[in-house]
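For reference, the structure is listed below as C-alpha coordinates.
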Amino acid sequence: DGNITDVIALSGTGFTPAGLDVTPNAGLAFGSLQTGTTSGAMTATVTNTGGQTANNLSVAISGDFSDITDNCSATSLNSGASCTVDVTFSPQTDGMKTGTLTTTADGGLIDAINLTGTGFTSAGLDVTPDAGLNFGISQTGSSSGTMTATVTNTGGQTASNLSIVFTGDFSAMSDNCSGTSLAGGG
(Lines give C-alpha, C1' and ligand atoms only; values in the text may rest on other atoms or scores of the structure.)
Protein backbone atom coordinates (compact mmCIF):
# COMPACT_ATOMS: atom_id res chain seq x y z
CA ASP A 1 0.00 0.00 0.00
CA GLY A 2 3.02 2.29 0.06
CA ASN A 3 2.65 4.14 3.45
CA ILE A 4 5.87 4.53 5.34
CA THR A 5 5.80 5.37 9.01
CA ASP A 6 8.72 6.72 10.93
CA VAL A 7 8.77 7.30 14.69
CA ILE A 8 10.93 9.88 16.41
CA ALA A 9 11.30 10.55 20.11
CA LEU A 10 10.22 13.96 21.46
CA SER A 11 11.21 15.31 24.82
CA GLY A 12 10.92 18.60 26.71
CA THR A 13 10.78 20.07 30.14
CA GLY A 14 7.86 22.15 31.37
CA PHE A 15 8.44 24.96 33.82
CA THR A 16 6.50 27.56 35.72
CA PRO A 17 7.71 31.07 34.88
CA ALA A 18 8.81 33.45 37.62
CA GLY A 19 6.03 35.25 39.48
CA LEU A 20 5.98 38.01 42.10
CA ASP A 21 3.82 38.16 45.22
CA VAL A 22 4.07 41.17 47.55
CA THR A 23 2.66 40.62 51.03
CA PRO A 24 0.82 41.38 53.15
CA ASN A 25 -1.83 41.26 50.44
CA ALA A 26 -4.07 43.59 52.46
CA GLY A 27 -1.31 46.23 52.26
CA LEU A 28 0.37 48.24 54.99
CA ALA A 29 -1.90 50.39 57.18
CA PHE A 30 0.03 52.91 59.27
CA GLY A 31 -2.92 54.37 61.20
CA SER A 32 -2.88 58.02 62.35
CA LEU A 33 0.30 60.02 62.66
CA GLN A 34 0.99 63.67 63.40
CA THR A 35 2.05 65.67 60.34
CA GLY A 36 5.75 66.38 60.08
CA THR A 37 6.73 63.16 61.88
CA THR A 38 7.79 59.74 60.60
CA SER A 39 6.30 56.41 61.62
CA GLY A 40 8.16 53.30 62.62
CA ALA A 41 8.92 50.93 59.77
CA MET A 42 6.54 48.26 58.49
CA THR A 43 7.82 45.40 56.34
CA ALA A 44 6.59 44.20 52.95
CA THR A 45 7.86 40.87 51.67
CA VAL A 46 8.39 40.08 47.97
CA THR A 47 8.38 36.39 47.06
CA ASN A 48 9.10 34.67 43.74
CA THR A 49 6.17 32.25 43.47
CA GLY A 50 7.26 30.82 40.12
CA GLY A 51 9.69 28.15 39.01
CA GLN A 52 12.26 30.40 37.33
CA THR A 53 14.48 33.21 38.60
CA ALA A 54 12.96 36.71 38.69
CA ASN A 55 15.69 39.07 37.47
CA ASN A 56 16.36 42.77 37.88
CA LEU A 57 13.83 43.56 40.62
CA SER A 58 12.78 47.15 41.15
CA VAL A 59 10.68 48.71 43.92
CA ALA A 60 8.75 51.98 43.59
CA ILE A 61 6.83 53.66 46.43
CA SER A 62 4.35 56.52 45.96
CA GLY A 63 2.63 59.03 48.25
CA ASP A 64 3.81 60.15 51.69
CA PHE A 65 5.58 56.80 52.10
CA SER A 66 9.23 55.84 51.59
CA ASP A 67 11.53 52.88 51.95
CA ILE A 68 14.22 52.98 54.58
CA THR A 69 15.60 49.54 53.74
CA ASP A 70 15.13 48.03 50.27
CA ASN A 71 16.64 44.55 50.06
CA CYS A 72 14.94 43.83 46.73
CA SER A 73 15.89 46.43 44.10
CA ALA A 74 18.64 45.48 41.64
CA THR A 75 18.58 41.84 42.79
CA SER A 76 17.34 38.52 41.44
CA LEU A 77 15.09 36.10 43.29
CA ASN A 78 15.36 32.37 42.77
CA SER A 79 12.21 30.27 42.81
CA GLY A 80 10.65 30.41 46.29
CA ALA A 81 13.08 33.07 47.54
CA SER A 82 11.98 36.30 49.26
CA CYS A 83 13.32 39.75 50.01
CA THR A 84 11.97 42.59 52.17
CA VAL A 85 11.31 46.32 51.96
CA ASP A 86 10.90 48.40 55.14
CA VAL A 87 8.48 51.28 54.60
CA THR A 88 7.74 54.40 56.68
CA PHE A 89 4.91 56.96 56.59
CA SER A 90 5.60 60.72 56.82
CA PRO A 91 2.36 62.70 56.37
CA GLN A 92 2.88 66.27 55.24
CA THR A 93 -0.76 67.42 55.53
CA ASP A 94 -3.95 66.41 57.37
CA GLY A 95 -6.21 63.70 56.05
CA MET A 96 -6.22 60.17 54.63
CA LYS A 97 -3.14 59.34 52.56
CA THR A 98 -2.73 56.51 50.08
CA GLY A 99 0.22 55.18 48.18
CA THR A 100 1.45 52.05 46.47
CA LEU A 101 4.47 49.78 46.81
CA THR A 102 5.02 48.33 43.34
CA THR A 103 7.59 45.64 42.54
CA THR A 104 8.62 44.79 38.97
CA ALA A 105 11.09 42.38 37.36
CA ASP A 106 12.24 41.47 33.86
CA GLY A 107 9.67 39.78 31.65
CA GLY A 108 6.84 42.13 32.62
CA LEU A 109 6.46 40.79 36.15
CA ILE A 110 4.61 43.16 38.48
CA ASP A 111 2.79 43.08 41.81
CA ALA A 112 1.75 45.83 44.20
CA ILE A 113 0.17 46.49 47.58
CA ASN A 114 -1.64 49.55 48.91
CA LEU A 115 -0.20 51.82 51.58
CA THR A 116 -2.53 53.86 53.83
CA GLY A 117 -2.26 56.27 56.72
CA THR A 118 -3.87 59.40 58.11
CA GLY A 119 -2.04 62.63 58.87
CA PHE A 120 -3.27 64.97 61.59
CA THR A 121 -2.24 68.23 63.16
CA SER A 122 -2.20 68.28 66.96
CA ALA A 123 -4.49 70.60 68.88
CA GLY A 124 -3.36 74.22 68.99
CA LEU A 125 -5.05 76.97 70.96
CA ASP A 126 -5.26 80.59 69.90
CA VAL A 127 -6.68 83.36 72.10
CA THR A 128 -7.92 86.55 70.44
CA PRO A 129 -7.64 89.44 70.34
CA ASP A 130 -3.91 88.92 69.85
CA ALA A 131 -3.05 92.29 71.40
CA GLY A 132 -4.77 91.30 74.65
CA LEU A 133 -7.54 93.12 76.50
CA ASN A 134 -6.92 96.70 77.68
CA PHE A 135 -9.40 97.71 80.38
CA GLY A 136 -8.03 101.23 80.68
CA ILE A 137 -8.15 103.02 84.03
CA SER A 138 -10.60 101.80 86.69
CA GLN A 139 -11.20 103.19 90.17
CA THR A 140 -9.85 101.00 92.96
CA GLY A 141 -12.56 98.70 94.33
CA SER A 142 -14.80 99.02 91.27
CA SER A 143 -15.29 96.73 88.30
CA SER A 144 -14.57 97.68 84.75
CA GLY A 145 -16.83 96.90 81.83
CA THR A 146 -16.63 93.41 80.39
CA MET A 147 -14.51 92.45 77.44
CA THR A 148 -14.49 89.16 75.53
CA ALA A 149 -11.59 86.92 74.64
CA THR A 150 -12.18 84.04 72.21
CA VAL A 151 -10.38 80.69 72.41
CA THR A 152 -10.08 78.77 69.11
CA ASN A 153 -8.59 75.36 68.40
CA THR A 154 -6.47 75.88 65.29
CA GLY A 155 -5.21 72.28 65.22
CA GLY A 156 -6.60 69.11 63.80
CA GLN A 157 -7.22 67.22 67.07
CA THR A 158 -9.65 67.92 69.90
CA ALA A 159 -8.33 70.02 72.78
CA SER A 160 -9.82 68.48 75.94
CA ASN A 161 -10.43 69.71 79.48
CA LEU A 162 -9.70 73.38 78.84
CA SER A 163 -8.75 75.51 81.82
CA ILE A 164 -8.85 79.31 81.92
CA VAL A 165 -6.55 80.89 84.54
CA PHE A 166 -6.42 84.59 85.43
CA THR A 167 -3.53 86.36 87.11
CA GLY A 168 -3.49 89.64 88.92
CA ASP A 169 -6.71 91.53 89.68
CA PHE A 170 -8.72 89.96 86.84
CA SER A 171 -11.57 87.46 86.95
CA ALA A 172 -14.14 86.06 84.58
CA MET A 173 -17.70 87.35 84.42
CA SER A 174 -18.53 84.21 82.47
CA ASP A 175 -16.37 81.31 81.35
CA ASN A 176 -17.88 78.82 78.91
CA CYS A 177 -14.48 77.29 78.12
CA SER A 178 -13.15 75.72 81.32
CA GLY A 179 -13.81 71.99 81.58
CA THR A 180 -14.95 71.72 77.96
CA SER A 181 -13.39 70.40 74.77
CA LEU A 182 -12.88 72.16 71.46
CA ALA A 183 -12.98 70.07 68.30
CA GLY A 184 -10.14 70.54 65.85
CA GLY A 185 -10.37 73.48 63.50
CA GLY A 186 -12.82 75.53 65.53
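Side chain of S73 to main chain of V59: a donor-acceptor pair is present (N/O by atom type, distance under 3.5 Å, no hydrogens or angles). Between the side chain of N134 and the main chain of G136, a donor-acceptor pair closer than 3.5 Å is present. Side chain of T100 to main chain of S62: no donor-acceptor pair is present (N/O by atom type, distance under 3.5 Å, no hydrogens or angles). Counting only distance, with no hydrogens or angles, the side chain of N56 and the backbone of D106 share no donor-acceptor pair below 3.5 Å. In this structure a side-chain-to-backbone donor-acceptor pair under 3.5 Å is present from D64 to Q92.
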Go through the steps to decide whether V87 and F30 satisfy the test side chain to side chain contact (heavy atoms under 4.5 Å, CB included), and finish with yes or no. CA-CA 10 Å; V87 180; F30 287 87; 4.0 Å; yes
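Taken from OG1 in T118 to CG in L33, the straight-line distance is 9.5 Å, to the nearest 0.5 Å.
Partners of S58 by side chain to side chain donor-acceptor pair (under 3.5 Å), not counting sequence neighbours: none found. Legend: residues meeting side chain to side chain donor-acceptor pair (under 3.5 Å) with S82, ordered by chain and number and at least two apart, are T47.
Side chain to side chain, T84 and N71 meet the donor-acceptor criterion of an N or O pair below 3.5 Å. Counting only N and O atoms by type, the side chains of S79 and N48 include no donor and acceptor under 3.5 Å apart.
No path of Ile, Leu, Val, Met, Phe, Trp and Tyr side chains, each step under 4.5 Å between heavy atoms, connects I113 with I110, placing them in separate hydrophobic clusters. Under the 4.5 Å side-chain heavy-atom criterion for Ile, Leu, Val, Met, Phe, Trp and Tyr, L162 and F166 are members of the same hydrophobic cluster.
Hydrophobic cluster of I8: the remaining members, joined at side-chain heavy-atom separations below 4.5 Å, are L10, listed by chain and number.
Here the side chains of T23 and T45 are in contact, with some heavy-atom distance below 4.5 Å. Side-chain contact between V85 and T103 is absent, with no heavy-atom pair separated by less than 4.5 Å.
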